[in-house]
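Worksheet: the structure to be examined is printed underneath.
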2 protein chains.
Amino acid sequence: MEHRIEKIKKQLHSHSYKLTPQREATVRVLLEREDDHLSAEDVYLLVKEKSPEIGLATVYRTLELLSELKIVDKINFGDGVSRYDLRKEGAKHFHHHLVCIECGSVEEIENDLLGEVEQIVENDWGFEVKDHRLTFHGICRQCQAAAVKEDVQKATP
Amino acid sequence: MEHRIEKIKKQLHSHSYKLTPQREATVRVLLEREDDHLSAEDVYLLVKEKSPEIGLATVYRTLELLSELKIVDKINFGDGVSRYDLRKEGAKHFHHHLVCIECGSVEEIENDLLGEVEQIVENDWGFEVKDHRLTFHGICRQCQAAAVKEDVQKATP
DNA sequence: TTATTAATAATAATCATTACAAACTAATAT
DNA sequence: ATATTAGTTTGTAATGATTATTATTAATAA
């Protein structure tokens, strides 16, 4: 935890930004809720618990800054809100999402699914890939199970 | 053109929706500007040129409807606007985007890059994939060329 | 110490999107 | 023909996320 805070501090310094108390508080929340896809509002409310004097605009500005420095990913699942995910320790970015169209749950998977695919894009389209976003929409395990259960109930009334 | 309108008309009817004049005007704009990733506002302005009486809310409702019926894809490149793309004729959906982080251009590529990857997701995570969204962020051919040119100019002042 | 700069809080403004109420249309039942 | 109904549209108001602004504070440099 402290190790990662220290690292982020250095990243900020290298762009001559400071890790102010507000920024640190924000980063700590992101670290504590690492897999939660928090919205700016979510982050704001959580930071407020420990640092009640912080303002919403500051949280927005901090998240934007961290996003520019590629410390967090700003993602969008199509509901009207941006969500912010701290990038994992490993430098590479193999981080995709499974969004359930039934229950709205978001599962996160970590896997280099796109190594080859990026090569294809670079070779065939001359596009220098820096990053990607991959989201699958479908039906999660739980909802599949629930559907089967319902069918059984219909069959034996 | 007329053929595709007719097809969409049937799709709407099969869900007991009608292809009203306003809806038809909207679809025509989407057909004319097929690869343009128009925002709702864009579509509204274009439809208004030929059908000045249409309302913005109607355009939004129509796009939402078409999106629910999977006739258009509602996509999001992270600027604050949703964009709407008519799905191509072929039933399958191999449609990805290359977003340039220098100039903001969006190139569209058509290729089944993810057939195997979807299999992996289904097998390893038990997630039933219905659709996916894949976007690459990087540097387009033009901007790469421009960067090279700048370097040359610096080297020979 | 004083001047300068960066960062913050609080709030107002903006902008995309959605909700709402009233009017309209087309199809069907009477 | 007339009334009824459900579906659709319009114009506008409301909402909600995000950004801009302004005054203030904290940190740093001169």
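In what follows, every chain begins at residue 1, and chains take the letters A, B, ... in the order their sequences are listed. Computed from a predicted model, the values in this text were never measured in an experiment. Heavy-atom basis, side chains included; hydrogens, waters and symmetry copies ignored.
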Pairs satisfying side chain to side chain donor-acceptor pair (under 3.5 Å), at least one member in residues 10-25 of chain B, at least two apart
B:E24-B:R28

Could you identify which residues cluster with A:V81, counting Ile, Leu, Val, Met, Phe, Trp and Tyr as linked when any side-chain heavy atoms lie under 4.5 Å apart, either directly or through a chain of such contacts?
none

Interatomic distance where CG belongs to A:L45 and C1' belongs to D:dA17 [whole Å]:
14 Å

Give every donor-acceptor pair under 3.5 Å between a side-chain atom in residues 140-147 of chain A and any protein atom, sequence neighbours left out.
| unit_1 | atom_1 | unit_2 | atom_2 | d |
| --- | --- | --- | --- | --- |
| A:R141 | NH2 | B:W125 | O | 3.0 |
| A:Q144 | NE2 | A:I139 | O | 2.8 |
| A:Q144 | NE2 | B:G126 | O | 2.9 |

Can you list, pair by pair, the side-chain donor-acceptor contacts under 3.5 Å of residues 52-68 of chain A, counting residues two or more places apart and other chains?
| unit_1 | atom_1 | unit_2 | atom_2 | d |
| --- | --- | --- | --- | --- |
| A:T62 | OG1 | A:T58 | O | 2.8 |
| A:E64 | OE1 | A:K74 | NZ | 3.2 |

Please tell me if A:T20 has a side-chain N or O lying less than 4.0 Å from either OP1 or OP2 of D:dA26.
no

Rounded to whole Å, CG of B:L63 lies from P of D:dT8 at a distance of 15 Å

Which whole-number value in Å describes the distance from B:R23 CZ to D:dT10 C1'?
14 Å

Verify the contact: side-chain N or O of B:T58 to OP1 or OP2 of D:dT10, cut-off strictly under 4.0 Å; return yes or no.
yes

Atom-to-atom span, CG of B:N76 to C1' of D:dA17 - whole angstrom
13 Å

Could you tell me the separation between the CG atom of A:D79 and the C1' atom of D:dT18, rounded to a whole number of Å?
15 Å

What I want to find out is whether A:E34 reaches A:R4 closely enough, with some N-O distance under 4.0 Å, to be called a salt bridge.
yes

Between D:dA27 (C1') and A:E24 (CD): distance, integer Å:
17 Å

Each nucleotide in nucleotides 15-29 of chain C should get exactly one letter: B, S or -. Can you fill that in based on protein heavy atoms under 4.0 Å?
-SBBB----------

Quick one: which of C:dA9, C:dA7, D:dT10 gets closest to the side chain of B:E53?
D:dT10

Enumerate, atom names and distances included, each donor-acceptor pair closer than 3.5 Å involving a side-chain atom of residues 115-123 of chain B, sequence neighbours excluded.
| unit_1 | atom_1 | unit_2 | atom_2 | d |
| --- | --- | --- | --- | --- |
| B:E118 | OE2 | B:H132 | ND1 | 2.5 |
| B:E122 | OE2 | B:V129 | N | 2.8 |
| B:N123 | ND2 | B:Q119 | O | 3.3 |

When the distance from NZ of B:K48 to P of D:dG11 is rounded to whole Å, what number comes out?
7 Å

Write down the distance between CD (A:Q22) and P (C:dA10), rounded to a whole number of angstrom.
11 Å

With a cut-off of 6.0 Å (strictly less than), are more than 12 heavy atoms of other residues, nucleotides or ligands near NZ of A:K48?
yes

